[in-house]
Amino acid sequence: MFRPRPTTWFELLTSRGQFARTMQTLAAHGVAQLEASPYEGSEPVLPRLDGFFAAFRELEAQYGPYWPDARGHAGAMLENPIEVLEETLEKLSGWAERADPVVSDLRACEARLGELELIGKLVEAVPAGTPLHHLTETQARLLEHAIYFLQGPEVELPEIEDVLFDVFPSRDGAFVIALAGQPEMAEVATRMAALRATPVPLPDFLSTDHTAHARQVREEIEEAWASCRRNRARLDALAEEIDLAGLLNRVAVLEWLQANSGEVGATRHMVRITGWTRSPDGVEIRRALDEAGIDYAVTLGDPTRENPPMVLDNPHWLRPFEFFPRLLGVPANRDVDPSVLTAVVAPLLFGFMFGDVGQGAVLLVAGLVLSRRMPMLFLLVPGGVMAMVFGLMFGSVFSLEHVIPALWLHPLDEPIRVLAAALVLGAVLLLVGVVLDFTQAFWHRRTARWLGESGGVVLAFIGLLGAWFEPALALALPVGLGLTVVAAGGDGGWTPAAAAKAAAEFVEALMRLLVAAVSFSRVGAFALAHAGLSAAIVGVADAIGGVGFWLALLVGNLLILALEGLVTGIQTTRLILFEFFIRFFRAEGREFRPLSAPRSHFSGENTP
């Protein structure tokens, strides 16, 4: 658990005919991360897919928005992709030919709905005295009308001679009715297009009764919607008849194979799949392929391969705590996986800052309930437990300090001891980080280098901490500086310049450690702030009295849970990442990302 597990390189040979099934089997079981390993004489494994997708994209661009919502789950095995190319494209083209008139009707219906939506807004915006039903009559006379919709809070109309404009504001813009002769109307159209105005069709179905206009628009919209639904039903029936979802399911698998075939090499008869697997003996790959009945040959291991993907090998209960190291990255081979330490440190810091038995119990229950939907919220469970532990030590239950006796102290009674305890906790965590850094150096066989670069700083830091109890231990400061200066230069040899540089780095590193130790005093400060806010809430509740006491106490505790719970969580994360992890965690590895199964093909949004 303290070290990530490196993956194992594998090379897998199978026939071209079983390539697609092999890839889908590996993806379904999540046992392999592909990585290309080019070799001379390799050729594309699926050379005909480019032509297929060129034709498919043309169909998709024209008809994609009218394909059914169910785009295929992409989970079925596609035995031989080359054999289904022509059949798939032929069936899709056949669907397009039969669906084309229906799609044309549907598009006209959708366009009509858009027009009616604008006409409805126009009817709503125009006052009763404006004769909308007479607008079309001007088309046979010397004057013409045109209606435009301009979006935005302010409308600036063009100045055109011999043109009259009427403006009617609406909720999201304004409608403009232009009255002009035929020659001027052409200029109006040009100028309004420059303003990105939307032409509104003349509503020729409106009656002379203005009060009936809204009803007439609704009737027209209902009729248009009915037409759209009829055409959509026709498309759905046609899609079901030829199993369009199944065809798109094939396309999804073909898209996925094309996307991943760049990691695969092939000869005339064989396919070579290379990458990384989690099991050192390849048992996961072998079991998956054996169950699928695939003929294959697999070899494991390649000493020339460096920087293998890493697997954080933690039990189920520890995985939520991987959240903290993953914020920075993944440890490399022979580095420490801090997840198990975080499982102790994070709840400890959180509980110290949020010590209350009742509030901790609420967090515990919330974590148990909410983690079913959001697994990361399982972190509330150990955090709540530790808050309850510190609540017992502080004698606090839902902000009340007279319900149970404090096993240790009441924070507001002895603030100095609380701050001192936080400093001791911080110093211990920093020393743990130093030990982990030394452990990593030992695993990497860089112990001597670590001692030369960091040994003197660590000795001085421990000595200064111990000087609080035994002043003579402060001598560790000059001793540590001397060791650092003597070891300066490393393999390049000792020089005065290297010694000066090492001395400066010694001072900087030691100051960072001391400042980091002091930074942990915020744990005690937040514990005091929590106790102070709890006392304030109880004081307000006492002042109200009666039933108001319990109401104020309830509201106050909810405020603490919402506000301080968030702030304490943020501070816990900050201390772990930037004060604890920074002492040893390099995050220079790369995570094992197994080949994932093909997803459903989906492009664009379906229309009504």
Side-chain angles (χ1 to χ4, degrees), residues 317 320-321 342-371 377-426 428-429 520-572 575-576:
W317 63 272
F321 293 96
T342 308
V344 176
V345 174
L348 181 64
L349 295 176
F350 183 89
F352 198 135
M353 292 186 279
F354 205 82
D356 187 284
V357 175
Q359 295 163 8
V362 173
L363 293 176
L364 169 62
V365 174
L368 290 173
V369 174
L370 298 178
S371 62
L377 291 181
F378 179 79
L379 294 173
L380 292 175
V381 174
V385 170
M386 196 55 66
M388 295 173 66
V389 171
F390 276 92
L392 293 172
M393 298 175 70
F394 295 155
S396 177
V397 180
F398 287 119
S399 302
L400 300 173
E401 294 188 347
H402 59 271
V403 177
I404 59 174
L407 299 181
W408 180 29
L409 52 78
H410 292 296
L412 294 181
D413 294 341
E414 300 184 66
I416 301 302
R417 289 185 66 185
V418 173
L419 293 173
L423 286 172
V424 171
L425 175 61
V428 171
L429 289 179
F520 276 90
S521 64
R522 73 183 63 205
V523 176
F526 272 95
L528 293 173
H530 182 270
L533 183 57
S534 297
I537 289 171
V538 173
V540 171
D542 285 334
I544 297 175
V547 177
F549 171 87
W550 299 107
L551 181 61
L553 194 66
L554 173 62
V555 174
N557 277 275
L558 291 176
L559 177 65
I560 289 177
L561 284 167
L563 180 61
E564 285 207 31
L566 177 63
V567 173
T568 303
I570 292 173
Q571 288 300 321
T572 299
L575 289 170
I576 289 175

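These numbers come from the heavy atoms of this one structure, side chains and all, not from hydrogens, waters or symmetry mates.
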Intermediate values then yes/no, side-chain contact (heavy atoms from CB on, under 4.5 Å), E401 and V538: CA-CA 9 Å; E401 294 188 347; V538 173; over 6 Å; no

Are [X] and [Y] side-chain neighbours, meaning at least one heavy-atom pair lies under 4.5 Å?
X    : Y    : result
L429 : L349 : yes
L553 : L400 : yes
F398 : Q359 : yes
L348 : F390 : yes
L363 : F350 : yes

Looking only at heavy atoms, which two atoms of [X] and [Y] are closest? And how far apart?
X    : Y    : value
L561 : V362 : CD1-CG1, 3.8 Å
F520 : A422 : O-CB, 3.5 Å
V357 : L392 : CG2-N, 3.5 Å
D356 : G358 : OD1-N, 3.0 Å
L368 : V381 : N-CG2, 3.7 Å
M353 : V523 : CG-O, 3.4 Å

Should the ring pair F354 and H530 be called parallel, tilted or perpendicular, given that the plane angle runs from 0 to 90° and is split at 30 and 60?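 Rings of F354 and H530: tilted, as their planes differ by 30° to 60°.
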
Among residues two or more places apart or on two chains, list those pairs meeting salt bridge (charged side-chain N to carboxylate O under 4.0 Å, His left out) that have a residue in residues 403-416.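 Non-adjacent pairs meeting salt bridge (charged side-chain N to carboxylate O under 4.0 Å, His left out): E414-R417.
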
Atom [atom1] in [X], atom [atom2] in [Y]: separation rounded to 0.5 Å?
X    : Y    : atom1 : atom2 : answer
R522 : L419 : CZ    : CG    : 12.5 Å
L533 : I560 : CG    : CD1   : 4.5 Å
E564 : N557 : CD    : CG    : 10.5 Å
F394 : F352 : CZ    : CZ    : 5.0 Å
L528 : L412 : CG    : CG    : 6.5 Å

Partner residues of S534 under the side chain to side chain donor-acceptor pair (under 3.5 Å) criterion, sequence neighbours left out: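 Applying side chain to side chain donor-acceptor pair (under 3.5 Å) to S534 gives S399.
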
According to side chain to side chain donor-acceptor pair (under 3.5 Å), who are the partners of T568, at least two apart in sequence or on a separate chain?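 For T568 there are no side chain to side chain donor-acceptor pair (under 3.5 Å) partners, ignoring immediate neighbours.
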
